[in-house]
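Each remark here refers to the structure printed beneath this line.
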Amino acid sequence: MQTMPDFEVGPVRVWLGDSGGKYPDGNQVVVRGADGLAVFDTPLVSARLESEIAAADLVILGHVHEDHLAGLHRLKRAAVHVHAGDVDAARSWAGLARHYGYTPAILEELHTKLLREFHYEPRPDAIAYDDDAVWQLGGGIRVRAVHMPGHTSGHSVLVVEPGNIAFIGDIDLSSFGPYYGDATSSLSDFRSTLKRLRTLPIEVWITSHHKGVITDRSAFLAALDQFEHQIQVREERLLALLGAGPQTLEQLVTQRILYRPGAQALWLDSAERRSISQHLDELIARDEVRRLEDGRFERYRSRAHSLSKP
């Protein structure tokens, strides 16, 4: 039975996942041209869209994480295209494990979870694409990749032209804010990406999770501001923790800056460790934090900064 899309504009159709595409689900985007059908990612919701996606000629992944691979096993005949920065993570479990960067014990348990809950199958046939790659779907419809790393090294925005409709993936405008907690994630890249995204001449924005579809630029910019602000909130929390006295990285990890204190999941400690480390690097470079000889970190103002005060 065919399922009506939740949103449709020009050649683009969007089906929202459970709870508005909240993780572990996501939102499914399908683009039809005169000569081809493209699917952006394959979240869990794709399981109920078999008739809508079965004829896909290609799958274009905006990035690689388990929730974006969940329907690939249903599209074995479709060519799978992945940005060069993420393609190894799509091709094999070893590549995906490096992508996450977790400890062997966590990865072993995570692999079991991915097989059970996300129908995980690697795609050794995945084709690498680069920034500004273009796919022609016929009838004047094309898809263009805009590399916007940070969430992962290969995270890309997929722009459907004409119409300037952008699938912005896990720049998901959620209240949680940006996620940069894996081995190939980058806080500095995410900062640059958020600035660049504002400059794109887009008219419709589609997220992998939460917001879904936004058609008003002012609403998009307001949501993006709130999303980006969470980076500052985390930095301020980290400084407040260090303001109470010197602490080790592991002490900071247990107190959390991304997730709620006490929150537990397989990857949470790893994500906190990676995220906090990146914030510490930035704060050390700005002379707001220093690392002591015993390995602890403390809040610090450089002598030059102090001398500049009236």
Side-chain angles (χ1 to χ4, degrees), residues 1-63 65 67-72 74-75 78 81 135-146 148 151 155-176 197-198 200-227:
M1 182 175 69
Q2 189 170 10
T3 304
M4 295 298 294
D6 295 287
F7 180 85
E8 188 168 5
V9 57
V12 176
R13 293 180 292 169
V14 182
W15 286 266
L16 302 180
D18 286 347
S19 301
K22 182 179 179 181
Y23 182 89
D25 208 346
N27 302 320
Q28 182 67 73
V29 179
V30 176
V31 185
R32 182 178 294 279
D35 304 322
L37 183 70
V39 172
F40 295 172
D41 295 355
T42 55
L44 289 171
V45 68
S46 64
R48 62 177 171 86
L49 302 173
E50 189 166 354
S51 63
E52 285 80 6
I53 67 174
D57 299 287
L58 68 156
V59 178
I60 308 173
L61 297 183
H63 76 283
H65 272 144
D67 49 322
H68 301 264
L69 310 176
L72 283 183
R74 294 186 172 87
L75 297 171
H81 295 252
W135 296 266
Q136 300 287 351
L137 301 182
I141 305 301
R142 60 189 175 273
V143 176
R144 178 169 57 88
V146 182
M148 291 203 168
H151 183 65
H155 187 280
S156 298
V157 168
L158 303 175
V159 181
V160 180
E161 301 169 333
N164 293 326
I165 304 162
F167 175 63
I168 61 176
D170 274 11
I171 308 171
D172 61 15
L173 309 179
S174 65
S175 60
F176 177 83
L197 185 57
R198 287 178 164 82
L200 295 186
I202 301 303
E203 298 175 24
V204 177
W205 298 263
I206 306 168
T207 67
S208 289
H209 309 286
H210 301 287
K211 294 295 183 181
V213 180
I214 298 177
T215 58
D216 178 78
R217 184 168 183 81
S218 61
F220 164 73
L221 291 174
L224 190 63
D225 286 343
Q226 289 298 313
F227 181 73

Could you check whether any side-chain heavy atom of Val12 comes within less than 4.5 Å of a side-chain heavy atom of Ile206, counting everything from C-beta outward? yes
Can you find a pair of side-chain heavy atoms, one from Leu37 and one from Asp57, that are under 4.5 Å apart? yes
Closest heavy-atom pair and its distance - Ala70, Pro43: CB-C, 4.0 Å
Decide side chain to side chain contact (heavy atoms under 4.5 Å, CB included) for Val9 and Glu203; before the verdict, give the C-alpha distance in whole Å, the side-chain angles of both, and the deciding distance to 0.1 Å. CA-CA 11 Å; Val9 57; Glu203 298 175 24; over 6 Å; no
Could you state the interatomic distance from CG (Leu75) to CD1 (Ile53), rounded to the nearest 0.5 Å? 4.5 Å
Are Ile168 and Met148 close enough that some pair of their side-chain heavy atoms sits under 4.5 Å apart? no
What do the steps show when you test Leu173 against Leu224 for side chain to side chain contact (heavy atoms under 4.5 Å, CB included), and what is the final call? CA-CA 6 Å; Leu173 309 179; Leu224 190 63; 3.7 Å; yes
Search all heavy atoms of Gly212 against all heavy atoms of Leu16 and return the closest pair with its distance. CA-CD2, 4.1 Å
Check side-chain hydrogen bond (donor to acceptor under 3.5 Å, both in side chains) between Asn27 and all other residues, then give those that pass, not counting sequence neighbours. none
Okay, side chain of Trp15, backbone of Thr3: is any donor-acceptor separation there less than 3.5 Å? yes
In Å and rounded to the nearest 0.5 Å, what is the CH2 to CD1 distance from Trp135 to Ile60? 4.5 Å
Where is the tightest heavy-atom contact between Leu44 and Pro24, given as atom of each residue plus distance? CD1-O, 3.5 Å
Atom CD of Gln136 with >12 non-hydrogen neighbours under 6.0 angstrom: yes
Does anything in residues 36-47 pair up under side-chain hydrogen bond (donor to acceptor under 3.5 Å, both in side chains), and if so which pairs, sequence neighbours excluded? Asp41-His68
Among pairs that include at least one residue of residues 209-224, which meet side-chain hydrogen bond (donor to acceptor under 3.5 Å, both in side chains), considering only residues two or more places apart or in two chains? Asp67-His209, Asp170-His209, Asp216-Ser218
Between His63 and His151, what is the ring plane arrangement, given parallel below 30°, perpendicular above 60°, and tilted in between? perpendicular
Closest non-hydrogen atoms of Gly17 and Asp25, given as atom of the first, atom of the second and distance, are CA-OD2, 3.4 Å
Can you tell me how far the CG atom of Leu197 sits from the CZ atom of Phe220, to the nearest 0.5 Å? 4.0 Å
Specify the closest pair of heavy atoms between Val59 and Ala78, including all atoms of both residues, with the distance to one decimal. CG2-CB, 4.1 Å
Can you name the closest pair of heavy atoms from Ala34 and Gly139 and give their distance? CB-N, 3.6 Å
Could you pull out all residues at least two apart from Asp225 that satisfy side-chain hydrogen bond (donor to acceptor under 3.5 Å, both in side chains)? Arg198
So NZ of Lys22 and OG of Ser208: to nearest 0.5 Å the spacing works out to 16.0 Å
Partner set under side-chain contact (heavy atoms from CB on, under 4.5 Å) for Asp35, not counting sequence neighbours: none
Intermediate values then yes/no, side chain to side chain contact (heavy atoms under 4.5 Å, CB included), Phe167 and Val160: CA-CA 8 Å; Phe167 175 63; Val160 180; over 6 Å; no
In this structure, CG of Asn164 is separated from CH2 of Trp205 (nearest 0.5 Å) by 9.5 Å
Using the test side-chain hydrogen bond (donor to acceptor under 3.5 Å, both in side chains), find all partners of Glu161 that sit at least two apart in sequence or belong to another chain. Arg142, Arg144
So Val159 and Ile202, side chain to side chain contact (heavy atoms under 4.5 Å, CB included) or not? Walk me through it. CA-CA 8 Å; Val159 181; Ile202 301 303; 4.0 Å; yes
Could you tell me the separation between the CZ atom of Phe7 and the CD1 atom of Ile214, rounded to the nearest 0.5 Å? 11.0 Å
